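Since we're looking at a predicted model, the values are computed, not measured. Chain letters run A, B, ... following the sequence lines, proteins first and then strands; every chain starts at 1.
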Amino acid sequence: MSLALATVLGLLFSAGTYLILRRDAVRVVVGSLIISQVANIYLMTMGGSEGGAPILSHGAKHDIHATDPVPQALVLTAIVIGFATTAFLLSLIYRFYEENNKIDLESLRGEDR
Amino acid sequence: MTQTVIIPFLAALVTAVLSIIGRKWKYRDQLSLAGNILYLAAVLLLNSKILTEGALTYQAGGWPAPYGITFIADPLAGLMLLMTAAVSLAVNLYSWGYIEERGKQAGYYAFFYFMVTGMTGAFTTGDLFNLFVMFEIVLMSSYAMVAYTGTKKSLFTTLKYVILNIIGSSLMLIAIGGLYSVTGTLNMARMAELLTQAEVNMFPVLGLTSILFCVFALKSGLVPFHFWAPPVYTNSPPPAAAMMAGLSKKVGIYAVIRLYLTVFSTARIPEKAPFMSGRPVNDFIAVLMMTMAVLTVLLGGLSALNRDRISKLLSYSSVGQVGFIFIPIAIATTSGSQAAVSAALVYMVGHALAKPSLFMISGLIKEITGTTDIRRLGGISESSFLISAAFFISAFSLVGVPPLIGFFGKLLVFRTAIVYENLLVILVLLFGAVTTLFYMVKAWLRIFYGEPVEFTLSQVTRKEVFAVMILVVLIVVSGIYFEPLYQMAEKAAEAALNTEAYVETVLGEKK
């Protein structure tokens, strides 16, 4: 299970990195979103991917360990932050397109100087 | 009353929320200024409490540490809050005059206060994940502030800034999640306690703390992560640049001081490691930090020399100055020297006063003359004495001329480098100091002396000039009456280095 998750995380990270290095601004945005979501999945795996539901699986009748609930709470917070950043980034990209009429980042090199 | 710890945080948060609701209200400027004065009062109250009772903690929701989120205000946090309150008050007053109606209606003050809220939270939190959340609050508001003008340039800058920081935040999450997985806690004090124990696997700790350091280096703009800073500062409105260069950069520096000097200082590289085995993790981090800081001083100083726009010059200068703050921190990371930390803190306060003042003056010059291009400016000292005096004092505080605060910062940093007998570092510092002198004198001569240029625009309000004056007076007064600030910095440095006292303050009630 951990090996599978580690592979998936690695693949997603490389996909995100690949997209961030593109010329097309929309792809760059998608790449950054993938990276921020992969960080969340990674955070989930840090709590252990096996085990029972927290609290419910406690007690004498059950012999399985409960999963650590804290990373899940952390991920919820991180998702909300990621959501807000995504909303901002997408509206920014729209304004960016309105202003420049293109989303090719390579042709804008040095425009911010 | 332990609630005193979160009063500054609440004051900023309430003002931020009221600023959203009342963004079209007639008295919103007065409201935001009142909020800032309230914030300053809360910070002063907290500081007086820290002075009499020592470090204070507040356990959110009554959950005892290490289970809940702890807020802790020790002398280090107190000093940082005082700096934030003073500078943000001046910038707030300046914004009143500078930001136009449209911007205020769009909620400029709300972003301003969310930034202050995030910084206050970051300075007082005792929880690693909470620190991440506070960083995000500061970043979110800074995104809006950079995109504020809505020009092509500022949108392009914002796009790059946001994407860079998304990557940075993801790395921060990875480091924090990993540290949680290794130690089993997010509470900084509990983590410091656990890192002394043998059962914690130190290999991941070494890697994760290094990743975390890179994130903070990105936030505070150390070479090779400095490249975002100059376009961001240049393309945002001067008050926003003042906030970011003066204060929000310092959040990254504070996090490095707090985490590496207080929390991770107990971690050791395992004996089985191929290099530096058995030595503190901090010895490894210090090598990274020193290399980056030295490069920052060199690169920041060199790139500021040949700039034609004031805002550009100031941006590169603020890159270089961060190196000056990190060199003593790097020395303290290996040696645990209290004098080195207090040198870094004094320098940081000096920079936090001078740089916003200079950014705000560059905004005034833009308003008076319509340009910030040094080649097209000249002779301003003849028409506006006050502004040129303010620029002179702020610039020469940055250069390090006595009796201004910047002089003591430079003096202490040099003393630290000399005490630790590192010739290379002394030479780099000298080089940095000379370049600072060179570009500041150049700017001063070009802008304020020579042939007076014809001014077409003039819309400087008294509020803006008064706001700059607040900072200038602070620069002079804290330089002349240096003793109280120095004592505060000494206390803060002591608190930063004393891991045991920190752990005891947070977890003490349990035993």
Side-chain angles (χ1 to χ4, degrees), chain A residues 9 13 16-17 19-21 25-48 68 70-71 73-75 77-82 84-103 105 108-113, chain B residues 66-67 127-130 132-137 139-141 143-144 146-147 150-182 184-187 204 208 227-228 230-232 234-235 307-309 312 315:
Chain A
L9 285 175
F13 259 119
T17 314
L19 284 174
I20 280 188
L21 299 174
V26 176
R27 280 171 208 231
V28 173
V29 169
V30 173
S32 67
L33 298 183
I34 291 179
I35 285 204
S36 70
Q37 293 309 317
V38 184
N40 292 344
I41 303 175
Y42 164 88
L43 211 55
M44 288 293 290
T45 63
M46 286 297 111
D68 188 351
V70 175
L74 302 187
V75 164
T77 316
I79 285 175
V80 174
I81 294 172
T85 318
T86 310
F88 178 76
L89 201 49
L90 288 176
S91 53
L92 183 72
I93 263 290
Y94 181 68
R95 275 286 289 130
F96 185 75
Y97 178 69
E98 271 188 343
E99 208 58 50
N100 291 298
N101 274 321
K102 57 186 169 194
I103 46 173
L105 293 175
L108 289 163
R109 178 190 285 269
E111 287 279 306
D112 56 341
R113 297 233 167 84
Chain B
Y67 305 108
D127 183 278
L128 208 49
F129 191 76
N130 207 232
F132 165 77
V133 175
M134 295 304 168
F135 263 107
E136 287 303 301
I137 297 175
L139 280 176
M140 278 289 193
S141 356
Y143 298 156
V146 183
T151 57
K152 269 186 192 179
K153 276 184 180 181
S154 84
L155 288 174
F156 189 41
T157 312
T158 319
L159 184 68
K160 291 202 289 190
Y161 182 54
V162 174
I163 287 169
L164 189 68
N165 276 305
I166 286 180
I167 300 171
S169 303
S170 305
L171 283 178
M172 191 171 174
L173 260 189
I174 285 169
I176 290 174
L179 282 170
Y180 174 74
S181 177
V182 175
T185 183
L186 285 166
N187 187 294
L208 293 165
F227 51 87
W228 61 269
V232 164
T234 317
N235 294 322
R307 298 291 151 187
D308 293 328
R309 275 159 66 202
K312 206 87 206 173
S315 309

Contacting moiety of [X], where chain A heavy atoms sit under 4.5 Å:
X: B/Ile166; value: side chain
X: B/Ser169; value: neither
X: B/Leu186; value: side chain

A/Leu19 versus A/Gly31, closest heavy-atom pair with distance: CB-CA, 3.5 Å

Donor-acceptor under 3.5 Å (A/Asn100 side chain, A/Lys102 main chain): no

Among A/Ile35, A/Val38, A/Ile81, A/Leu43, residue most engaged with chain B (heavy-atom pairs, under 4.5 Å): A/Ile81

Residue, of A/Asp68, A/Val28, A/Thr17, A/Val29, that accumulates the most heavy atom pairs under 4.5 Å with chain B: A/Asp68

Would you mind checking which part of [X] comes under 4.5 Å of any heavy atom in chain B, side chain (CB onward), backbone (N, CA, C, O), both or neither?
X: A/Leu89; value: side chain
X: A/Phe13; value: side chain
X: A/Phe96; value: both

Against chain A, work out which of [options] has the most heavy-atom pairs shorter than 4.5 Å and name it.
options: B/Ile176, B/Val133, B/Leu155, B/Ile137; result: B/Leu155
options: B/Gly150, B/Pro230, B/Gly184, B/Ala147; result: B/Gly150
options: B/Ile167, B/Thr158, B/Leu139; result: B/Thr158

To the nearest 0.5 Å, what is the distance between [atom1] on [X] and [atom2] on [Y]?
X: A/Met46; Y: B/Ile174; atom1: CE; atom2: CD1; result: 9.0 Å
X: B/Phe132; Y: A/Leu74; atom1: CZ; atom2: CG; result: 9.5 Å
X: B/Tyr67; Y: B/Asn187; atom1: OH; atom2: CG; result: 10.5 Å
X: B/Glu136; Y: B/Ser141; atom1: CD; atom2: OG; result: 10.5 Å

Parallel, tilted or perpendicular: ring planes of B/Tyr161 versus B/Tyr143, cut at 30 and 60 degrees: perpendicular

Test of ring centre spacing under 6.0 Å for A/Tyr97 and A/Tyr94: no

